[in-house]
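Note sheet for the following structure.
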Amino acid sequence: MAKTKVKVPVKKQSFGVYMKRYWQLYLLLALPVIYLIVFKYVPMVYVQIAFKKYNITKSPWVMPWAKNNGMEYFIKAFSNPDFRRALRNTIGLNLLDLVIGFPIPIIFALILNELVFTRFKKVVQTITYMPHFLSWVIIYGLAIQLFAPSTGLVNMLITNLGGTAVPFLNDTAHWVGTYIFLGVWQSFGWNSIVYLAAIAGINSELYEAASVDGAGRFQKMWHITLPGIKPTIVILLIMAIGNILGSGFDRPFALQNNLVMDWAEVISTYVYRAGIKGLQFSLTTAVGLFQSVVGVIFLLGANALSRKLGERGLW
Amino acid sequence: MKKKVLSTLLAGMMVLSLAACGGETGTQQPAEQPAATTETKTEEPAAEEPKAEEPAAEPAAEAEPTGELVDGKFADTREITVEIYDRGNDGGSDPENNDYTRWIQQQMLEKHNVKVTFQKVPRWTEVDDINNLLAGGTAPDVCVTYSYPTIKTYADMGGVIDLRPYIDDYKADLPNLWNWLGESNLYWDSDPSDGTTWAIEAKLANMSRVVTYIRKDWLDALNLPLPTTKAEFHDALVAFKDNADTLLGKDAAKMVPYSVSYDVGWRAATLIESFIDPKISDKEYYVNGFDDRKLTQNGTKDAVKLLNEWYNEGLMWNDFAIYSSGDTTEDDMMKAGYVGAFTHNWDYPFRNGDDSIEANLKRNVGENAVFVACDPFEDKNGGHNKFQAGPIDRKVFFPSTNDEPLASMLYLDFISDPATIEYLQVGEEGVTHTVNEAGAYQIQAATGDAIQNSGMNIDYTITCNGLHLTSEDLTMNSLAYSYAGIDPQLVIDAYKIANTDARVGINVPVGDIEAEGGVGDTLSSKRDQVYDKAVSAPVADFDKVWDEGIADYLAAGGQAIIDERTAAFERVFGDADMIP
């Protein structure tokens with residue numbers, strides 16, 4: 001990032017002056033702002049349907065209120081065993097993802113950083129972030145080719161070596177493992193890029209000074225690299241925690257099948273099934289709203305906590 | 001200066017890209033616009049369903065000017081869009097633009113001065129897709145779906161036009177529609193209390209449903225008879241498995257003696273139905289009949305238990321549950337010759353001309369490799385009990401975004417004309433058929449734009465499913481020859497078996513069951529889960545898995561439907577068990 005130093009006028013200028021001077025920049029800024037308003041804020045009008053009886057032909061302002069002071073659909077959702085199961089699964093799978101999936105890119109970035117042979121390092125980096133660009137549908141196709149109980153390559157290998165086939169995809173416990181594994185495989189290379197960038201920003205004089213003081217490789221890693229990227233880790237962790245109730249749609253949807261549904265149905269797929277396919281728009285808007293609100297609470301909580309512990313936090 | 005130009009340019013580009021996005025969202029407008037007109041009418045928030053009347057009010061105002069049509073023709077050209085299934089066949093023709101669409105377009109313009117545009121919807125995910133289109137307000141004017149609950153849900157939200165006024169008021173202009181569908185199909189979905197009709201039921205000309213197929217060449221090679229009982233069928237499966245080395249050689253490990261997909265309720269239907277009492281009362285059948293896969297009928301559990309035993313004996317496809325709807329893996333196994341037997345739509349292996357399962361099997365395995373129909377599942381009376389769905393098929397409806405309901409009705413009338421149906425089904429002589437010495441149409445594989453993507457073009461004849469020619473003799477005679485490259489005897493046998501001991505479904509006019517709204521998809525996906533888990537459970541766990549699954553299904557809305565159906569039946573028919 002090349003920064004050109006501009007003399008910042010200390011005196012406060014009126015908006016008009018700035019406008020005149022930087023109108024091109026404001027013009028460029030206006031468009032993304034309009035985009036956000038049109039596509040992100042205007043649709044929020046429809047958040048109302050969580051509290052109203054949805055009708056496709058009416059504007060949300062005139063739809064009748066739902067029963068129980070508008071809370072009908074929230075009550076309905078929480079008394080629905082399917083929703084509770086989806087909620088449990090979302091939290092469970094996301095926690096596993098967090099516990100297993102979060103540290104791996106960090107460890108990977110640290111290891112990669114220690115490699116001396118730069119060409120090898122670059123090749124490894126490219127290979128590991130490649131899966132990030134594959135759609136989950138394709139990954140599921142690969143998973144079936146590899147892990148299907150009788151025709152999957154891995155299981156054919158196992159059975160040919162005299163073992164019994166492992167139900168990677170058709171037994172709930174194994175499926176959860178496969179789900180986490182594929183998620184980590186798909187994203188760890190990509191996620192490590194941020195950490196590598198952070199590591200690259202650490203002042204090299206620190207390493208030199210440590211070497212002079214006789215620090216070994218692990219000591220340098222522990223006392224310089226890790227503290228150096230700590231702010232990055234914290235920020236990403238806060239965002240990950242904020243996302244504990246959210247989940248992408250493609251990954252669970254592509255990977256789930258009828259045999260593992262008890263553990264594979266998450267909120268996003270439940271919303272799709274019950275809301276879009278089952279046309280219960282009010283119910284699923286309520287679910288979506290709940291999901292967002294809890295997400296924001298988690299995000300704020302994690303942020304406050306990190307600031308209390310002396311980190312910078314998101315803002 | 002440079003900066004200025006560049007920034008203006010960039011900004012301009014963004015505006016353009018935004019405008020492009022805006023164009024798409026703009027089409028949503030019509031869906032929202034009626035709000036203004038209907039709002040004013042629904043002052044009193046009366047009982048629960050006041051909206052049912054809104055769309056009815058609209059045509060009443062419009063129904064007046066019968067003078068719109070002169071000799072069945074509009075004075076000015078009207079435009080409608082019509083849904084067409086896209087089957088994505090290998091090497092098929094473009095469903096929106098081929099010989100048949102062009103013929104329909106030309107005829108409609110000539111006869112009614114209506115310009116028709118086709119809009120394709122993927123066949124195997126049609127319910128999802130039509131849902132998305134309806135929600136987005138971009139559905140075609142004439143929509144077709146197999147899912148009545150979807151239509152009903154949208155109707156409840158005011159998203160569907162009540163067809164009753166058009167059916168009744170324009171009866172004189174719709175002679176073919178009335179002749180072909182008659183009151184029974186036109187009014188099938190009418191509300192018994194106020195007559196509102198959200199959909200017209202297409203007619204099933206051929207009610208054959210599901211048949212079990214088995215590899216005749218394998219039976220012959222092992223000196224086995226065509227199975228006529230469950231025990232014989234089981235013996236045959238075991239024999240296939242035990243002799244896999246002889247039958248398949250190096251591919252022995254790939255053998256699947258009996259193949260069933262994730263959709264067990266359909267793909268083992270003949271077996272399941274054989275466990276249901278042939279004399280089941282109309283009431284019991286109806287009460288448990290929300291699910292057409294018969295999950296909650298008495299007897300289904302025993303059938304699945306048997307399947308579960310077969311599964312654990314290694315007689316079935318191990319991986320069935322991980323492949324979902326529309327996946328061709330299983331078809332490919334049949335085509336490659338790994339499958340010994342399967343149950344499917346009565347004409348399934350004959351479909352698609354050169355790409356049919358039978359044709360592929362011959363190519364891949366050898367001239368005598370063939371699937372033949374069999375009837376191996378005896379019921380408790382020794383017959384071969386089957387349940388047919390009744391003379392109804394797809395449901396045709398008009399979303400409220402349809403501005404040309406009359407032109408759309410004329411389209412339905414045109415498409416129900418016996419001459420239209422015959423032309424679409426058999427096509428041009430020399431291109432899609434020849435006339436044989438018996439006077440029957442003999443279908444041949446067509447090429448290019450003349451390819452029929454669906455058997456007998458049923459995707460275009462939306463009010464008719466099944467061969468229906470201008471005379472009945474011709475129909476029966478031609479049915480056997482209607483599958484290109486297939487031995488007519490195979491078709492005749494399958495047809496006979498599909499209609500052996502078949503009980504035809506009847507209409508149970510008790511009005512809407514409120515509990516059925518919005519849960520169709522949740523329940524059908526649950527039903528598949530129950531079936532799949534039960535079939536693949538260890539034998540010792542079967543009862544537990546089945547009972548838990550059913551309990552979950554019932555709790556998710558199944559029980560509410562059963563209760564409401566019971567109450568509705570008793571309200572209309574009193575103590576009677578059978579519908580008079």
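Note that the coordinates shown come from a computational prediction; the quantities given were computed from them, not determined experimentally.
No other option in D319(B), T329(B), D532(B) has as many heavy-atom pairs under 4.5 Å with chain A as D319(B). Contact count against chain A (heavy-atom pairs under 4.5 Å) is highest for T153(B) among V519(B), V127(B), T153(B), T522(B). Of the listed residues (D262(A), L283(A), N170(A)), the greatest number of heavy-atom pairs within a distance under 4.5 Å of chain B belongs to D262(A).
Proximity to chain B at a heavy-atom threshold of 4.5 Å picks out I144(A), A148(A), P149(A), S150(A), T151(A) from residues 144-157 of chain A, in numerical order.
Counting non-hydrogen atoms of neighbouring residues, nucleotides and ligands closer than 6.0 angstrom, the OH atom of Y41(A) reaches no more than 12 such neighbours.
Nearest approach of S536(B) to L259(A), heavy atoms of both residues: OG-CD2, 3.4 Å.
Contacts of A321(B) with chain A are made by both backbone and side-chain atoms, with heavy-atom separations under 4.5 Å. For Y140(A), the part lying under 4.5 angstrom from a heavy atom of chain B is the side chain only. For Y323(B), the part lying near chain A is the side chain, with the backbone staying farther off; criterion is any non-hydrogen pair under 4.5 Å. Neither the backbone nor the side chain of K254(B) comes within less than 4.5 Å of any heavy atom in chain A.
Between W175(A) atom CH2 and I322(B) atom CD1 the span is 13.0 Å, to the nearest 0.5 Å. For the atom pair CG (N258(A)) and CG (D263(B)), the distance works out to 9.5 Å, reported to the nearest 0.5 Å. Separation of atoms CD (E265(A)) and OG (S525(B)) is listed at 7.0 Å; rounding is to 0.5 Å. Rounded to the nearest 0.5 angstrom, K53(A) NZ and D156(B) CG are separated by 7.5 Å. To the nearest 0.5 Å, the span separating CE on M261(A) from CG on D552(B) amounts to 12.0 Å. The CE atom of M157(B) sits 9.5 Å away from atom CE of M63(A), with the distance rounded to the nearest 0.5 Å.
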